[in-house]
Protein chains: 2
Amino acid sequence: MKNSQLYKGSLTTIVMKLLEENGRMYGYEITQKVKEITQGELKITEGALYPALHKLEADGVLEVEVENVDNRLRKYYKLTEKGTTETVNRLAELEDFIRNMQTLVQPKITN
Amino acid sequence: MKNSQLYKGSLTTIVMKLLEENGRMYGYEITQKVKEITQGELKITEGALYPALHKLEADGVLEVEVENVDNRLRKYYKLTEKGTTETVNRLAELEDFIRNMQTLVQPKITN
DNA sequence: TTATATACATAAAAATCTTAGGTATAAATT
DNA sequence: AATTTATACCTAAGATTTTTATGTATATAA
């Protein structure tokens with residue numbers, strides 16, 4: 001996704017958080033939601049998203065419900081119980097990460 | 001580095017920022033400094049760091065000065081002019097990244 | 001004397017993402 | 001009517017980055 005490589009490694013955390021917040025979402029919806037929230041700054045590519053969703057499903061983090069809407073296929077994903085627990089951990093890690101990065105980058109306070 | 005995969009993609013940004021701040025550093029020193037700043041939370045592995053330093057040098061972002069201290073080799077790295085410019089961009093990207101991640105993760109404010 | 005700390009390095013494998021396609025339907029535009 | 005855009009899924013080759021596992025060598029601490 002996007003130009004900055006800082007987002008590498010954050011895709012699954014983003015997906016899990018969105019599902020925690022919204023109950024269930026389908027892939028395309030996730031790409032649109034992220035674009036909307038970040039005002040176009042972050043664009044999740046489908047080539048990254050779909051394999052990631054499949055892996056999370058295979059790992060028992062997500063479960064899928066296939067539906068047919070307007071003659072088009074939709075695969076709704078939601079967190080499993082395991083996934084919900086994992087999400088809590090992930091968000092704690094994200095907070096630590098952000099805190100650490102801010103500490104590393106923070107200009108020194110001059111006295 | 002570390003367990004959390006969120007740090008993937010942030011290594012070069014961290015290195016560049018530290019060099020901007022400290023003028024010049026050698027590899028081992030960088031690993032220790034990061035450990036110190038993050039209070040042991042983030043450990044940069046040498047298997048990731050040394051290839052990254054070599055790549056930054058090859059890309060003209062860093063230049064190296066080899067010195068012999070206490071009969072041990074040290075390779076001091078510092079930012080080139082190009083590297084200094086790059087660092088400014090990187091730090092701006094990092095700020096955007098952190099801001100976006102916070103927006104994504106931030107619990108909705110209920111009215 | 002053995003382990004730990006310092007200081008560099010590489011190479012195979014794993015993980016993740018980009019890029020570049022592909023299929024198909026519905027709606028909007030020309 | 002025809003073409004483009006939006007919706008909705010998918011994969012596969014290649015690039016990049018990191019992990020894991022080593023390797024070398026000196027100095028210091030236990």
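Sequence lines set the chain letters: A, B, ... in the order given, protein chains first and strands last, and positions in each chain run from 1.
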(request) Whole angstrom is fine here: how far is it from CE in B:M25 over to C1' in C:dC8? (result) 16 Å
(message) Nearest heavy atom decides the nucleotide; on that basis, is A:E46 or B:G27 closer to the 5' end of DNA chain C?
(response) B:G27
(message) Tell me the interatomic distance from A:E67, atom CD, to C:dT25, atom C1', rounded to whole angstroms.
(response) 18 Å
(request) Would you kindly give the CD-to-C1' distance between B:Q32 and C:dA7, to the nearest whole Å? (result) 10 Å
(message) Could you tell me how far apart A:E65 (CD) and D:dA8 (C1') are, to the nearest whole angstrom?
(response) 17 Å
(request) Under 4.0 Å from any atom of DNA chain C, heavy atoms only: list the residues of residues 70-80 of chain A that qualify, in numerical order. (result) A:D70, A:N71, A:R72
(request) Report the nucleotide, chosen from C:dA5, C:dT10, D:dC10, that has the shortest atom-to-atom distance to any side-chain atom of B:Y28. (result) C:dA5
(message) If you take any heavy atom closer than 4.0 Å to DNA chain C, which residues from residues 51-62 of chain B end up in contact?
(response) B:P51, B:H54
(request) Measure from CG on B:L49 to C1' on C:dA9 and round the result to the nearest Å. (result) 11 Å
(message) Using whole Å, what does the distance between atom P of nucleotide C:dA7 and atom NZ of B:K35 come to?
(response) 13 Å
(request) Check whether any side-chain heavy atom of B:E93 sits under 4.5 Å from a side-chain heavy atom of B:T13, and report yes or no. (result) no
(request) Starting at atom CD1 of A:I44, determine the distance to atom P of D:dA8, rounded to an integer number of angstrom. (result) 16 Å
(request) Output, in order, the C-alpha distance, side-chain angles, deciding distance and verdict of side-chain contact (heavy atoms from CB on, under 4.5 Å) for B:T12 and B:V61. (result) CA-CA 10 Å; B:T12 54; B:V61 173; over 6 Å; no
(request) Would you kindly check whether a donor in the side chain of A:Q5 faces an acceptor in the base of C:dC17, or vice versa, at under 3.5 angstrom? (result) no
(message) Counting only heavy atoms not in A:E95 (residues, nucleotides, ligands), do more than 12 fall under 6.0 Å from its CD?
(response) no
(message) For the CD atom on A:Q39, are there more than 12 heavy atoms of other groups (residues, nucleotides or ligands in this structure) within a distance under 6.0 Å?
(response) no
(request) Respond yes when some side-chain nitrogen or oxygen of A:Y26 is under 4.0 Å from OP1 or OP2 of D:dA8, and no when none is. (result) yes
(request) Inspect the contact between A:E21 and A:K17 and indicate whether a charged nitrogen and a carboxylate oxygen are less than 4.0 angstrom apart. (result) yes
(request) For A:Y7 and D:dT18, give me the distance from atom OH to atom P, rounded to whole Å. (result) 17 Å
(message) I want to check something: taking the side chain as every heavy atom from C-beta on, are A:Y28 and A:R74 in contact at a cut-off of under 4.5 Å?
(response) no
(message) More than 12 heavy atoms of other residues, nucleotides or ligands under 6.0 Å from CG of B:D70: yes or no?
(response) no
(message) Pick the closest DNA chain D nucleotide for B:G47 and for A:E29 by heavy atoms, then say which residue is nearer the 5' end.
(response) A:E29
(message) Please determine whether a side-chain nitrogen or oxygen atom of A:Y50 lies at a distance below 4.0 Å from atom OP1 or OP2 of D:dC9.
(response) yes
(request) Determine, for B:R90 against B:E20, whether the closest basic-nitrogen to carboxylate-oxygen distance falls under 4.0 angstrom. (result) no
(message) Counting neighbours of CD on B:E67 that are heavy atoms of other residues, nucleotides or ligands and sit closer than 6.0 Å, is the number greater than 12?
(response) yes
